[in-house]
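What follows is a set of notes on a single structure, which appears directly below.
Nothing here was measured: the structure is a model prediction, and the numbers come from that model.
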Amino acid sequence: AHANGPRDAATAHGKAAAPSPVARITALRDTLARHPDDSAAWSELGNLLYRVGDFGHAVVALQRASALAPRRALTWLMLGRSQLAFGAVDDARIAFECALALAPDDASIGLSLAAALLALDRPDDAAARLRAVLAQHPGCGAAWWSLANIKTLRLSADEGRALEERSRAT
């Protein structure tokens, strides 16, 4: 065992420890100050900002990345996820639709679009999107669960009362 845990172990085996997200964000900002049209750097910055929970700045970075490289579905997907987390739900829907147009077979994009539609109180559209995902990916458990959740949310008044009574009884 190494005195200071895995970081010392990695260094002892000739591997440098990965930079912290904050250090990487700083380095990317420095790179972008010199190369403001580097779409990959903007995308990586946006993804890191999303990971650390800075959704507003992630949106700005990913908007720049998508403007510079509008044919990258993953950038549009991450822009939509950042917008959704930031609360810009309709903007997220638009970003997910852009991503889906570029990668129509990507289940994660379809699932994300369904989440945005549900957040916009459009359960029928969300269910239709989930069914489209399932038509292409019948084994996609996340789509099945999401579809089941939509169906559960749409219980009749009597079903809702019965469910509430049963949950209180247990």
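- A salt bridge between Arg93 and Asp125 is absent, with no side-chain N of the basic residue lying under 4.0 Å from a carboxylate O of the acidic one.
- Follow the hydrophobic side-chain contacts under 4.5 Å out from Leu74 and you never reach Leu68; the two are in separate clusters.
- Side-chain atoms of Val22 and Val52, non-hydrogen and from C-beta on, never get closer than 4.5 Å to each other.
- To the nearest 0.5 Å, the span separating CD1 on Ile25 from CG on Asp30 amounts to 12.0 Å.
- Cluster annotation: Leu147 and Trp145 are assigned to distinct hydrophobic clusters (Ile/Leu/Val/Met/Phe/Trp/Tyr, side-chain heavy-atom contacts under 4.5 Å, transitive).
- Here the CD1-CG distance, from Ile109 to Leu113, works out to 9.5 Å after rounding to the nearest 0.5 Å.
- Closest approach of Leu111 to Ala142, counting heavy atoms only: CD1-CB, 3.8 Å.
- Counting heavy-atom neighbours within 6.0 Å of His57 NE2, excluding the residue itself, gives a total of 12 or less.
- In this structure, Ala126 and Ile150 approach most closely via the heavy-atom pair CB-CD1, 3.8 Å.
- Using a 4.5 Å heavy-atom cutoff, the side chains of Ser43 and Leu62 are in contact.
- The side-chain heavy atoms of Trp76 and Leu79, taken from C-beta on, include a pair separated by under 4.5 Å.
- Between Arg81 and Phe55 there is no side-chain heavy-atom pair separated by less than 4.5 Å.
- Checking Asp105 against Gln136 by side-chain atom types alone, a donor-acceptor pair falls below 3.5 Å.
- Interatomic distance, CZ of Arg71 versus OG of Ser39, reported as 14.0 Å (0.5 Å rounding).
- In terms of heavy-atom proximity, Val133 sits nearest to Gly110 at CG2-CA, 3.7 Å.
- To the nearest 0.5 Å, atoms CD (Glu44) and CG (Leu48) are separated by 5.5 Å.
- Rounding to the nearest 0.5 Å places CZ of Arg129 at 8.0 Å from CG of Leu117.
- The nearest pair of heavy atoms linking Leu84 to Ala116 is CD1-CA, 4.2 Å.
- Side-chain atoms of Val89 and Gln83, non-hydrogen and from C-beta on, never get closer than 4.5 Å to each other.
- Residue Ser146 holds its OG atom at 9.0 Å from CG of Leu134, rounded to the nearest 0.5 Å.
- Contact annotation: the side chain of Arg51 approaches that of Pro21 to within less than 4.5 Å [non-hydrogen atoms, C-beta and beyond].
- The shortest side-chain heavy-atom distance between Asp106 and Leu100 does not fall under the 4.5 Å cut-off.
- Counting all heavy atoms, side chain and backbone alike, Leu102 lies closest to Pro70 at CD1-O, 3.4 Å.
- Residues Met78 and Phe96 fall within the same hydrophobic cluster, defined by Ile, Leu, Val, Met, Phe, Trp and Tyr side chains chained together at heavy-atom separations under 4.5 Å.
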Evaluation steps, salt bridge (Lys or Arg N to Asp or Glu O under 4.0 Å), between Asp37 and Arg64: CA-CA 9 Å; Asp37 292 335; Arg64 181 77 174 137; 2.7 Å; yes
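- Shortest non-hydrogen contact noted between Ala65 and Trp42 is CB-CB, 3.7 Å.
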